Amino acid sequence: MKIEQIYTGCLAHGAYYIESNGEVAIIDPLRETQPYLEKAEKNQSKIKYILETHFHADFVSGHLDLSTETGATIVFGPTAAPAFTAYVAKDKERLKLGNIEIEVLHTPGHTMESSCFLVYDEEGKPNALFSGDTLFIGDVGRPDLAVKSDLTREDLAGFLFDSLHTQILPLPDSVIIYPGHGAGSACGKNMSKETWDLLGNQKKVNYALRPELSKKDFILEVTNGLVAPPAYFPKNAVMNKTGYTPVKEVIERGIRPLSPEIFEAIAEAEDALILDTRDPEVFAQGFIPNSINIGINGSFAPWVGVLIPDIEQKILLVGESEGKIQEAVIRLARVGYDFPIGYLEGGWEAWKNAGKEMDTIQSVTPTEAFNGLKDNPNAVLLDVRKKSEYDSERVVNALNAPLDFINESMIQTPKEKPVYVHCAGGYRSMIYVSILQARGYRNLINVQGGFTAVKNSGLYPLTAYVCPTTLL
């Protein structure tokens with residue numbers, strides 16, 4: 001038996017390759033199928049099953065394309081009702097894979113169709129649990145992502161408690177937990193950076209598995225502090241349930257090279273969004289007016305999902321190379337953005353050489369920002385990190401305007417005053433500035449290196465949130 005975790009950092013996602021005696025099961029594949037096909041071919045094995053733990057919300061699965069290319073059976077757990085051909089297994093049903101068996105465990109809670117897959121080794125012993133979004137390392141799945149459900153998040157949290165206690169906690173402590181996601185995913189709130197663990201250890205360290213935790217308290221703890229999921233989540237879940245355009249077609253459409261003249265004409269005629277994927281500091285030095293910057297060398301796809309509300313928005317791409325453009329198209333497709341319609345051939349240099357209009361963003365060092373704030377009492381320091389980061393440690397008198405909620409945050413961003421904008425390292429602040437500049441804000445200044453550089457400069461007074469206490 002061979003088990004391989006295929007982890008994709010930008011989505012904090014784990015897909016899995018399981019092989020026994022020439023037969024393969026793939027669990028929760030990403031949309032591009034080539035890595036799975038290549039592994040099976042290299043091992044001279046055949047993909048027999050594509051196992052889906054649930055209708056994913058944070059990415060579009062590759063189950064349909066992979067099934068088309070291999071003839072493998074798509075398998076869901078009980079209550080799933082996909083709009084395409086798939087096998088819906090019964091609870092505790094076992095699937096034969098080579099010399100091993102895989103048991104389907106129905107674990108409603110994260111969503112009602114959520115299921116885990118328990119692998120029994122050649123000797124018939126429980127070996128590994130592929131827990132999807134039911135159980136993470138250090139956390140459990142959020143109970144507010146069910147598609148078109150009349151159930152409240154408290155109802156779902158109750159189902160999740162029952163699933164954990166009846167289906168998972170009775171398993172041997174030696175069972176390896178392989179979750180669907182790790183730290184950085186929006187599918188949980190307290191996930192570890194570790195991508196696997198023994199069930200026995202999770203019973204000791206996972207807050208949601210504490211033996212003294214009652215069902216009532218579990219519901220309170222799991223639902224406490226949940227922020228609204230990104231707008232693209234329910235749309236991805238629908239695509240996973242009803243179907244989608246083959247990824248090859250999406251890629252072919254997205255990697256269409258366009259001259260500066262045609263690029264400009266299409267942008268106007270199609271009302272297309274211009275997405276510049278270059279590194280933030282390179283972007284700042286020159287870009288197409290009204291384009292926004294989300295760098296490919298960061299959490300590109302999740303930020304697109306958070307900040308571009310229309311999943312069917314037509315997108316024109318600017319990048320550093322054709323290879324980077326194709327990477328961008330694939331990563332957009334992973335989260336359901338299937339309408340990139342071409343890219344600027346020759347990149348920014350082609351646009352500049354064509355004598356087209358250009359824009360820039362002022363970007364300064366923390367020292368220059370400090371001097372600017374000191375010399376102008378009307379100037380503002382804006383921290384666009386998440387509120388939890390801001391509360392942890394921040395510059396005294398800095399305003400918090402999280403990028404995650406840019407429509408609300410822009411309301412508190414002064415339009416006429418100089419505004420120095422920073423995040424943690426410079427990635428998010430450039431996104432923030434580029435979006436607001438496209439909306440008519442002209443006094444925003446990016447602070448290079450973010451809070452890390454600001455703190456290391458030693459120039460700024462710092463503070464942290466102090467939890468209020470009650471005097472008895």
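If you're wondering where the values come from, they're calculated on a predicted model, not measured in any experiment. Values below: all heavy atoms of this structure, side chains included; hydrogens, waters and symmetry mates excluded.
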Step through the shown structure and confirm whether more than 12 heavy atoms of other residues, nucleotides or ligands are within 6.0 Å of OH on Tyr244. yes
Note: Ile255 and Gln326 closest approach over all heavy atoms is CG2-CA, 4.0 Å
Just checking, is any N or O donor in the side chain of Thr152 or Asp155 under 3.5 Å from an acceptor N or O on the other one? yes
With a 4.5 Å limit on heavy-atom distance, are the side chains of Glu368 and Val447 in contact? no
Looking at side-chain heavy atoms only, is the closest gap between Tyr36 and Leu30 below 4.5 Å? yes
Can you confirm whether Lys248 is buried at NZ, in the sense that more than 12 heavy atoms of other residues, nucleotides or ligands lie under 6.0 Å from that atom? no
Any chance you could measure His56, atom NE2, to Ser114, atom OG, to the nearest 0.5 Å? 9.0 Å
Closest heavy-atom pair, Gly372 versus Ala379, reported as atoms and distance to 0.1 Å, is O-CB, 4.3 Å
Tell me, yes or no, whether the heavy-atom count around Glu194 atom CD, taken from other residues, nucleotides or ligands under 6.0 Å, exceeds 12. no
Side chains of Tyr432 and Thr413: is there a donor and an acceptor less than 3.5 Å apart? yes
Salt bridge Lys39-Glu19, side-chain N to carboxylate O under 4.0 Å: no
Just do the salt bridge (charged side-chain N to carboxylate O under 4.0 Å, His left out) check on Lys241 and Glu113 with the steps written out, would you? CA-CA 11 Å; Lys241 185 173 182 177; Glu113 80 284 352; over 6 Å; no
Does the pair Asp197/Lys204 count as a salt bridge with the N-to-O cut at 4.0 Å? no
Exactly one candidate in Ile311, Val250, Leu317, Thr277 meets side chain to side chain contact (heavy atoms under 4.5 Å, CB included) with Leu332; the answer is Leu317
Side-chain contact, heavy-atom cut-off 4.5 Å: Pro280 with Asn293? yes
Whether the side chain of Trp351 engages the backbone of Glu357 through a donor-acceptor N/O pair (distance < 3.5 Å, no angle test) should be reported. yes
Using a cut-off of 6.0 Å, state whether more than 12 heavy atoms not belonging to Asn397 lie near its atom CG. no
Has Glu349 got more than 12 heavy atoms of other residues, nucleotides or ligands less than 6.0 Å from its CD? yes
CD1 of Ile26 to CD1 of Ile6, rounded to nearest 0.5 Å, is 6.0 Å
Is there a donor-acceptor pair closer than 3.5 Å between any side-chain N or O of Arg385 and the backbone N or O of Gly450? no
Does Glu4 have more than 12 heavy atoms from other residues, nucleotides or ligands lying within 6.0 Å of its CD? yes
Would you please classify the geometry between the Tyr178 ring and the Trp196 ring as parallel, tilted or perpendicular, with 30° and 60° separating the classes? tilted
What one should report as the nearest heavy-atom pair of Val329 and Pro340 is CG2-CB, 4.3 Å
Okay, side chain of Arg331, backbone of Ala328: is any donor-acceptor separation there less than 3.5 Å? no
Against the six-membered ring of Tyr441, is Lys415 placed for a cation-pi contact (under 6.0 Å from the centre, within 45° of the normal)? yes
Taking the side chain as C-beta and beyond, is there a heavy-atom pair between Asn240 and Val60 under 4.5 Å? yes
Roughly how far, to the nearest 0.5 Å, is CG of Asn236 from OH of Tyr337? 8.0 Å
Looking at Pro143 and Leu226, what are the two nearest heavy atoms and their distance? CD-CD1, 3.9 Å
After noting the C-alpha distance and the side-chain angles of Glu322 and Tyr343, does the key distance pass the side-chain contact (heavy atoms from CB on, under 4.5 Å) rule? CA-CA 9 Å; Glu322 291 184 14; Tyr343 72 95; 3.2 Å; yes
Can you find a heavy atom in the side chain of Leu275 that is under 4.5 Å from one in the side chain of Ile292? yes
Where the side chain of Arg334 meets the backbone of Arg31, is there a donor-acceptor pair that is under 3.5 Å apart? no
For Lys2, does its backbone N or O pair with a side-chain atom of Tyr17 as donor and acceptor, under 3.5 Å? no
Go through the side-chain N and O atoms of Asp28 and Thr53 and say whether any donor and acceptor fall under 3.5 Å apart. yes
Determine yes or no for a side-chain-to-main-chain donor-acceptor pair under 3.5 angstrom, with Asn206 supplying the side chain and Asp139 the backbone. yes
What is the distance from atom CD1 of Ile296 to atom CZ of Arg278, rounded to the nearest 0.5 Å? 13.5 Å
May I have the step-by-step check of side-chain contact (heavy atoms from CB on, under 4.5 Å) for Ile288 and Phe263, ending in yes or no? CA-CA 11 Å; Ile288 300 171; Phe263 185 97; 3.6 Å; yes
What one should report as the nearest heavy-atom pair of Ser291 and Phe283 is OG-CE1, 3.8 Å
Do Met358 and Thr360 come within less than 4.5 Å of each other through their side chains, counting heavy atoms only? yes
Would you say Tyr232's side chain and Val304's backbone share a donor-acceptor pair under 3.5 angstrom? no
Could you check if a side-chain atom of Ile177 sits within less than 4.5 angstrom of a side-chain atom of Ile137, using non-hydrogen atoms only? yes
Is a donor on one side and an acceptor on the other found under 3.5 Å between the side chain of Ser457 and the backbone of Val454? yes
Kindly compute the distance separating CG (Leu66) from CG (Leu37), expressed to the nearest 0.5 Å. 6.0 Å
If you measure from the Lys or Arg side-chain nitrogens to the Asp or Glu carboxylate oxygens, is any gap between Asp58 and Arg142 under 4.0 Å? no
Please confirm whether the backbone N or O of Thr134 pairs with a side-chain atom of Thr107, one donor and one acceptor, at under 3.5 Å? no
Which atoms form the tightest heavy-atom contact between Ala128 and Ile3, and what is the distance? CB-CD1, 4.1 Å
Short side-chain to backbone donor-acceptor contact, Gln448 and Ser363, under 3.5 Å: yes
More than 12 heavy atoms of other groups within 6.0 Å of Glu41 CD: no
Is any NZ, NE, NH1 or NH2 atom of the basic residue among Arg428 and Glu389 found under 4.0 Å from an Asp or Glu carboxylate oxygen of the other? yes
Approximate separation, where rounding is to 0.5 Å, of Leu258 CG and Leu316 CG: 6.5 Å
Would you check if Tyr390 and Val384 make a side-chain contact, meaning some heavy-atom pair closer than 4.5 Å? no
